[in-house]
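Beneath this line is the structure, given in structure tokens, with notes to follow.
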Amino acid sequence: MIFIGGISQGRKILNYVKTVICDRCGGYGRYEVFMTYMYFSFFFIPLFKWNKKFYVKMSCCDAVYELDQEVGKALLRGRQVDITQSDLTLVQEGNRRSTYKDGAYKVWKKCVRCGYETEEDFEYCPKCGGRL
């Protein structure tokens with residue numbers, strides 16, 4: 001008897017559209033909400049899912065937040081909910097950050113490969129050559 005099955009990780013993009021001013025970089029961004037999960041498949045048919053986690057990625061600076069489980073489940077069911085800052089927990093810092101000083105935002109870009117930060121508007125990191 002041949003058994004074809006296994007355990008894999010999946011990702012599902014949830015339908016949520018909201019434009020906000022990012023707390024990390026000060027720019028306009030959009031919430032990109034997605035769910036990650038593990039699943040068991042038998043003959044390439046997924047049978048059940050577990051370990052569901054919900055995340056929000058900012059489109060402006062790529063900062064990633066973990067979303068509250070209850071809010072994520074409501075979005076998964078198709079309900080219209082409003083994501084607030086209290087529902088988010090920072091998981092990964094984005095590649096830009098800013099501070100508000102003297103009436104203007106001061107923006108830093110951070111290289112995700114080496115961690116170098118610069119105020120200049122470079123496309124590539126001057127230290128390692130990675131894309132900013």
Side-chain angles (χ1 to χ4, degrees):
M1 181 168 156
I2 297 175
F3 172 73
I4 300 176
I7 297 173
S8 294
Q9 184 175 12
R11 179 177 172 156
K12 180 178 181 179
I13 307 291
L14 301 179
N15 187 18
Y16 186 81
V17 178
K18 182 178 180 180
T19 304
V20 295
I21 296 176
C22 181
D23 287 345
R24 307 308 293 174
C25 71
Y28 284 104
R30 193 177 75 248
Y31 286 157
E32 297 170 359
V33 182
F34 61 94
M35 175 184 72
T36 61
Y37 55 91
M38 299 295 291
Y39 68 93
F40 175 75
S41 62
F42 184 68
F43 287 104
F44 307 107
I45 300 170
L47 296 179
F48 57 90
K49 300 174 186 174
W50 73 93
N51 199 25
K52 294 178 185 176
K53 293 186 179 181
F54 299 92
Y55 295 96
V56 173
K57 182 176 181 182
M58 295 300 298
S59 63
C60 54
C61 65
D62 294 332
V64 178
Y65 297 90
E66 187 168 357
L67 182 61
D68 181 70
Q69 238 4 51
E70 296 305 315
V71 176
K73 287 178 184 177
L75 284 173
L76 187 61
R77 290 185 208 111
R79 293 187 184 148
Q80 294 294 329
V81 295
D82 191 31
I83 298 175
T84 62
Q85 202 60 30
S86 63
D87 298 328
L88 303 174
T89 305
L90 184 66
V91 174
Q92 179 182 338
E93 187 74 43
N95 59 6
R96 293 186 337 180
R97 67 180 175 89
S98 70
T99 56
Y100 190 73
K101 187 176 182 182
D102 298 329
Y105 279 102
K106 187 175 182 182
V107 178
W108 288 275
K109 285 188 175 182
K110 182 177 180 180
C111 178
V112 294
R113 292 173 64 191
C114 69
Y116 180 77
E117 292 186 1
T118 181
E119 292 180 39
E120 301 296 325
D121 193 22
F122 294 131
E123 288 290 319
Y124 296 93
C125 176
K127 188 173 181 183
C128 72
R131 190 168 186 89
L132 293 176

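Values below: every heavy atom of this structure, side chains too, minus hydrogens, waters and symmetry copies. Source: prediction; values computed, not measured.
- Taking the six-membered ring for Trp and thresholds of 30 and 60 degrees, F42 and F40 have nearly parallel ring planes, at less than 30 degrees apart.
- Nearest heavy atom pair, residue R113 against residue C128, reads CB-SG, 4.1 Å.
- The minimum heavy-atom distance linking K49 with Y39 is given by the pair CG-CB, 4.1 Å.
- One distance of note links NZ of K12 with CG of L14; it measures 6.5 Å at 0.5 Å rounding.
- Within a 6.0 Å radius of CG in N15, no more than 12 heavy atoms belonging to other residues, nucleotides or ligands are found.
- Pairing each heavy atom of E32 with each of S59, the nearest pair is OE2-CB, 3.4 Å.
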Can you check side chain to side chain contact (heavy atoms under 4.5 Å, CB included) on K52 and T36, steps first, answer last? CA-CA 6 Å; K52 294 178 185 176; T36 61; over 6 Å; no
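- Atom OG of residue S41 and atom CZ of residue F48 lie 10.0 Å apart, to the nearest 0.5 angstrom.
- Note on F34: it does not cluster hydrophobically with V71, by side-chain heavy-atom contacts below 4.5 Å among ILVMFWY residues.
- For the pair V64/V56, no side-chain contact is recorded, criterion being any heavy-atom separation below 4.5 Å from C-beta on.
- The line from OG1 of T89 to CG of D68 is 8.0 Å long, rounded to the nearest 0.5 Å.
- In this structure, OH in Y65 is found 5.5 Å from CG in L90, a value given to the nearest 0.5 Å.
- With contacts defined as side-chain heavy-atom distances shorter than 4.5 Å, the pair R30/V20 does not qualify.
- Heavy atoms of other residues, nucleotides or ligands lying less than 6.0 angstrom from NZ of K18 number more than 12.
- To the nearest 0.5 Å, the span separating CG on D23 from CG on L88 amounts to 9.0 Å.
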Please determine whether side chain to side chain contact (heavy atoms under 4.5 Å, CB included) holds for the pair I4 and F44, giving the CA-CA distance in whole Å, both sets of side-chain angles, and the decisive distance to 0.1 Å. CA-CA 7 Å; I4 300 176; F44 307 107; 3.6 Å; yes
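- Considering every non-hydrogen atom in both G72 and F54, the closest pair reads O-CE2, 3.4 Å.
- The two residues Y55 and E66 make their nearest non-hydrogen contact at CD2-CA, 3.8 Å.
- For the pair K127 and Y116, the cation-pi criterion (under 6.0 Å, within 45° of the ring axis) is not fulfilled.
- Here the closest non-hydrogen pair linking Q69 and K53 is OE1-CA, 4.1 Å.
- From D62, atom CG reaches atom CD of E93 across 11.5 Å, with rounding to the nearest 0.5 Å.
- Judged by distance alone, the side chain of Y16 and the main-chain N or O of D82 form no donor-acceptor pair under 3.5 Å.
- Under the 4.5 Å side-chain heavy-atom criterion for grouping Ile, Leu, Val, Met, Phe, Trp and Tyr, L47 is connected to M38 within one hydrophobic cluster.
- The closest side-chain heavy-atom distance from V33 to I13 is not below 4.5 Å.
- Side chains of M58 and Y31 form a contact here, defined as non-hydrogen atoms less than 4.5 Å apart.
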